[in-house]
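See below for the structure under consideration.
This structure is a prediction, so every number in the text was calculated from the model and none was measured.
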Amino acid sequence: MADVAVLPWAVVVAITMSDDPEVAGPEGYEPSLDVLEKRAEAIPPTVYRDEYLALHLQLARTYSGQTDPEAGIERAIHHYRKAAAVLTPKEDGARWATTQSALAYAYARRHAGDHRHNLELALDHARAAMGVLTEPDVDRAMALTNLGVVLLDQVGGDRTENFEEAIDALEQAVDLFTELDLPFERAMVEVNLSQAYFERATGAHRDNTEAATRSARHAVETFLTAGADEHAARALIGLGNIQALGRDHRSLEEAIEAYDRALRLFGAQQSSLEWAQTHMNAGNANRDLGRFDAAAAHYDEALTRFSRTHTPVGWALVQENWAWALERQDALEEAARRMDAAAEALAETGALRHQMRVLDALGQIACRRGRWEQAADAFERAMGAHGQLLAEAYTDLGRRTTIAELSRMHAQYAYALVQLDRFGEALVRLEQGKTRLIREMLISAGAELQLLPETDAAEVSRLRRQAAELADPGSTNGTPQDLMRVRHDLQRLLARLRVTHPHAFPSALTLDSILALAPAGGMLLVPVVTPYGGLAFLVRSGAKNLTAEDVLPLPDLDSETLQGLLVGWAMSIPGATEPLGAVMGAVSSTILLRFATADLNELCRLLWDVLMGPVSDRLGGDGPITILPNGGLGLLPLHAAASPDGDYFLDRHPVTYAPSASALSEARPRPPAEPGLFALADPGGDLPFAEAEARLIASQFAPESGNIAVGVDAAKSAVLRHIAGASHLHFACHARYDWNSAMDSALQLAGDERLSLAEILAFMGSSSARLVSLSGCDTGVSEIRQAADEYLGFPAALHQAGVPQVLSTLWPVNDQAAALLTVQFYRNHIGTGATPARALRDAQTWLRRSTRDQLLAWLDDAYHWLSPPGGEQKPSRPQLTVALLAEELREDWAAGDRPFADPGHWASFTLSGHAEDDS
């Protein structure tokens, strides 16, 4: 090897880049590369290190910049790796880092090999580069750009976290290029930043769209000014994607115009993947406008470049989108064929999220065709892909986003299984889905830590904290391998704790366990809502299996109808701004017109028509009913469904609810004990009837068995002091449901203290409470903004802590009505021994049927119940409150009026848990 002639670097550059035949060789560019390839392989790096590196890096850059990236990308990676094997971060600094960054870019564009593995390698190289490039120069700006692009393309890991990190990196790159006065380079970054904001899962949708549009427009203007048509075309693609998101006719027309301009600007580059991608996007926009022939023509063009062999992800995406166009034309056989082909192609790539989406779509199309076996198989495979995604999502936000993607599938899967007469399996699968959602929501909020021993909880917290730190793009404390090791340790620990402390992790039940939850002499009602119609499982007491007789078809209760019912509910209750925003997301104008003007009485009649009426016709008798509502049904007062005969469903059956069968199972019976009360009332001093409410409730208990904290005394310390010994806990205070983060929902205590759901879990671990009543606002609702089936609210958290029964409200309640109803509930339950379910039913019936004069007589009795011992003559503050309420009733209502007959006063109250009293 000693006789090797090494070319000077200047000659290397000249030969590689020259178009002069005398320099480049008689056959032009490629033979020159061939000569240089041979010399590069012949040079010993230990002898001619600088020349070796110069030649390999220049060859890598040349191959990477070829017109057809596929032709040169393998050679580019080869030469970059040759150079990387010689370079070291300590000796070569920026040169080593820029090579790492270039490898990241090359692996991200590679089509050979496993797509997922290529992207993981790209991310490793991009992170390695960022650990060295700390100076605010062009090299760092380019490395930040490559990191952002690679993160956007990842198919594994925590997608939400990847996008947030990508946006941060790209924003830094934009700032650096702006400072360096490099507008063209800045515009190239803005194209990717626009995509990142366009697909972002967090933040306000409007803000993200505006940021995406701003970046794309600026990039288009910069490229057109510079005469860079190809780059302008790429920016126009991004702009078209944003406009297509609007879905209205004008936005779609603007998107098509942007795509057409991009295709014209590509010109001769008609073999590029971006050209094919643009045709697919144009096909989608034409499809959404109903121009199916134009859409098919664009899809055909895209498939001239995308192939299943070389570009399987792109090929599968075209097949998926074409399938949706065919589905809209009712060409369901062809649509299913293309969707199935897409799923098979994606299964070979490791692109789990795409695969899950396509399998979900295949299941939906199969349902429309009535191909229930195919639908069930597709949903099963989709949920398998989801399980893998969830295992890789290590941040709370990432897990929440991944959970939300699953929420709809379980109901549709169960629906398909019912059509196959697999009734028991359908119910079990539905319950498995709901349990997983509750479990993952509790884990993402750290709520299960409250139910674990202190040492185990500390170790879980330590590993989660360590994983988050290692995943931080700015971290220099470990490698990607360290992150994988910590994730593995965390998953192994959680698996062990699920065995040793099952109460902290909700687990799905067997069919026998679910059937055993039906209340004695009554029924377990499990409704299912899908786009194709609804059904209800009717699990009768003592049932050993499920048959067709136990499944009630509900053809009028489909997803669109449920969405309309939620709109009607949100618009008919006071102060409903947040829940209204949560349910309005995808509401069609048809639904809005049908339901938006419905008042609560009309809503109750609609609930009878589509669900509770058919259930009532099938039931017979007057036994108790426990409802396990799915999705948004949990927000609706199903017990107040109004029949044409003028009565309500609760007049025929006592009703309880439960978030899921597993939550109902966790609501474990408590040992019998003498009733004892702890009541917390009016901590903010703005609920005038709350103290009277609490003291009237206390009057139903033995004098020595009650503790009451009122006003400034209604603090967290009082809860800690008295919660352990009371069988009944009553909170008459404001409550706030957090629609964005369920576990941050809280009861408002004195001194601006909050008692959050997570803290409730911790406190209730030491409690022997058999019933908790929450006479506050929004204490019964479950989260639907992120996913309709998260089922996580105050009742679910309390059941998880073992509380058998929870009395709560679905919407803000009139202070007077709340006081009257809850006091009467306790009179029925404690005073006469009625089960909580019957006590609530009877209290609601009493309140709505009582005339003014009957209420006045009741208040007169209540005044005397509040009389202090010893015959003191001066009225107490609660007595004055009762007298004030009586006076208001006299002034506002006539003798025969029923002041609280409207369901808005009483229907908000629900009882969650077992229908029987465990005492």
Side-chain angles (χ1 to χ4, degrees), residues 673-683 687-711 713-714 718-719 722-723 725-735 747 749 767-776 779 798 803 805-809 813-844 846-847 850 855 858-869 876-883 885-886 900 905-906 908-911 917 919:
E674 284 298 315
L677 174 73
F678 169 65
L680 181 147
D682 194 21
L687 296 173
F689 296 96
E691 181 183 355
E693 172 186 326
R695 297 198 182 281
L696 285 168
I697 291 171
S699 70
Q700 303 303 309
F701 291 79
E704 68 281 0
S705 65
N707 290 287
I708 301 176
V710 178
D713 295 327
V719 178
H722 298 296
I723 199 171
S727 64
H728 292 69
L729 305 175
H730 180 73
F731 296 89
C733 58
H734 289 299
L747 302 175
L749 306 183
S767 171
S768 59
R770 298 199 301 271
L771 185 142
V772 175
S773 52
L774 304 165
S775 182
T779 50
L798 288 164
V803 177
Q805 293 162 319
V806 182
L807 178 66
S808 57
T809 56
V813 183
N814 175 286
D815 192 21
Q816 300 171 349
L820 292 167
L821 190 145
T822 53
V823 172
Q824 186 63 26
F825 163 79
Y826 275 100
R827 288 191 71 201
N828 297 338
H829 175 45
I830 301 299
T832 68
T835 66
R838 294 189 182 277
L840 177 60
R841 189 265 298 269
D842 293 346
Q844 290 171 315
W846 167 80
L847 183 63
S850 292
L855 290 171
W858 186 94
L859 288 169
D860 186 57
D861 290 339
Y863 186 93
H864 295 291
W865 299 334
L866 291 169
S867 297
S876 65
R877 183 168 61 182
Q879 285 179 307
L880 292 174
T881 301
V882 169
L885 174 55
F900 301 105
H905 296 300
W906 53 267
S908 176
F909 285 87
T910 63
L911 185 72
D917 185 5
S919 61

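In this structure the side chain of Val772 never reaches within 4.5 angstrom of the side chain of Leu807, judged on heavy atoms. Looking only at side-chain heavy atoms (C-beta outward), Gln844 and Phe825 stay at 4.5 Å or farther from each other. The shortest distance between side-chain heavy atoms of Cys733 and Leu680 falls below 4.5 Å.
By the salt bridge (Lys or Arg N to Asp or Glu O under 4.0 Å) test, Glu691 pairs with Arg695, Arg877, sequence neighbours left out.
For the ring pair (Phe, Tyr, Trp, His ring centres under 6.0 Å) test with Phe701, the passing option among His829, His730, His728 is His728; the others fail.
With hydrogens and angles ignored, the 3.5 Å screen pairs no side-chain donor or acceptor of Gln700 with any backbone N or O of Ile830. The closest donor-acceptor contact from the side chain of Asn707 to the backbone of Phe678 lies at 3.5 Å or more, if one exists at all. One N or O on the side chain of Ser727 and one on the backbone of Gly676 form a donor-acceptor pair closer than 3.5 Å.
A distance of 6.0 Å or more separates the ring centres of Trp906 and Trp846.
The two residues Leu687 and Ala732 come nearest to each other via the heavy atoms CD1-O, 4.0 Å. Nearest heavy-atom pair across Ala714 and Ala709 is CB-O, 3.6 Å. Closest approach of Ala837 and Leu911 over heavy atoms only: N-CD2, 3.4 Å. In this structure, Gln805 and Pro836 approach most closely via the heavy-atom pair OE1-CG, 3.2 Å. Contact between Ala726 and Leu729 at its shortest, heavy atoms only, is CB-CD2, 3.6 Å.
Atom CG in Asp682 sits 11.5 Å away from atom CG in Asp713 (nearest 0.5 Å). The distance from atom CG of Leu847 to atom CG of Leu855, rounded to the nearest 0.5 Å, is 7.0 Å. Within the model, atoms OG1 of Thr881 and CD of Gln816 stand 11.0 Å from one another, a figure rounded to the nearest 0.5 Å. To the nearest 0.5 Å, atoms CG (Leu696) and CD (Gln879) are separated by 9.5 Å. For the atom pair OG1 of Thr822 and CG of Leu774, the computed distance is 11.5 Å after rounding to the nearest 0.5 Å. Note that the CZ atom of Arg827 and the CD1 atom of Ile697 stand 12.5 Å from one another [nearest 0.5 Å].
Between Ser699 and Tyr826, the side chains place no donor N or O within less than 3.5 Å of an acceptor N or O (distance only, hydrogens not considered).
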Go through the steps to decide whether Leu821 and Phe900 satisfy the test side chain to side chain contact (heavy atoms under 4.5 Å, CB included), and finish with yes or no. CA-CA 10 Å; Leu821 190 145; Phe900 301 105; over 6 Å; no
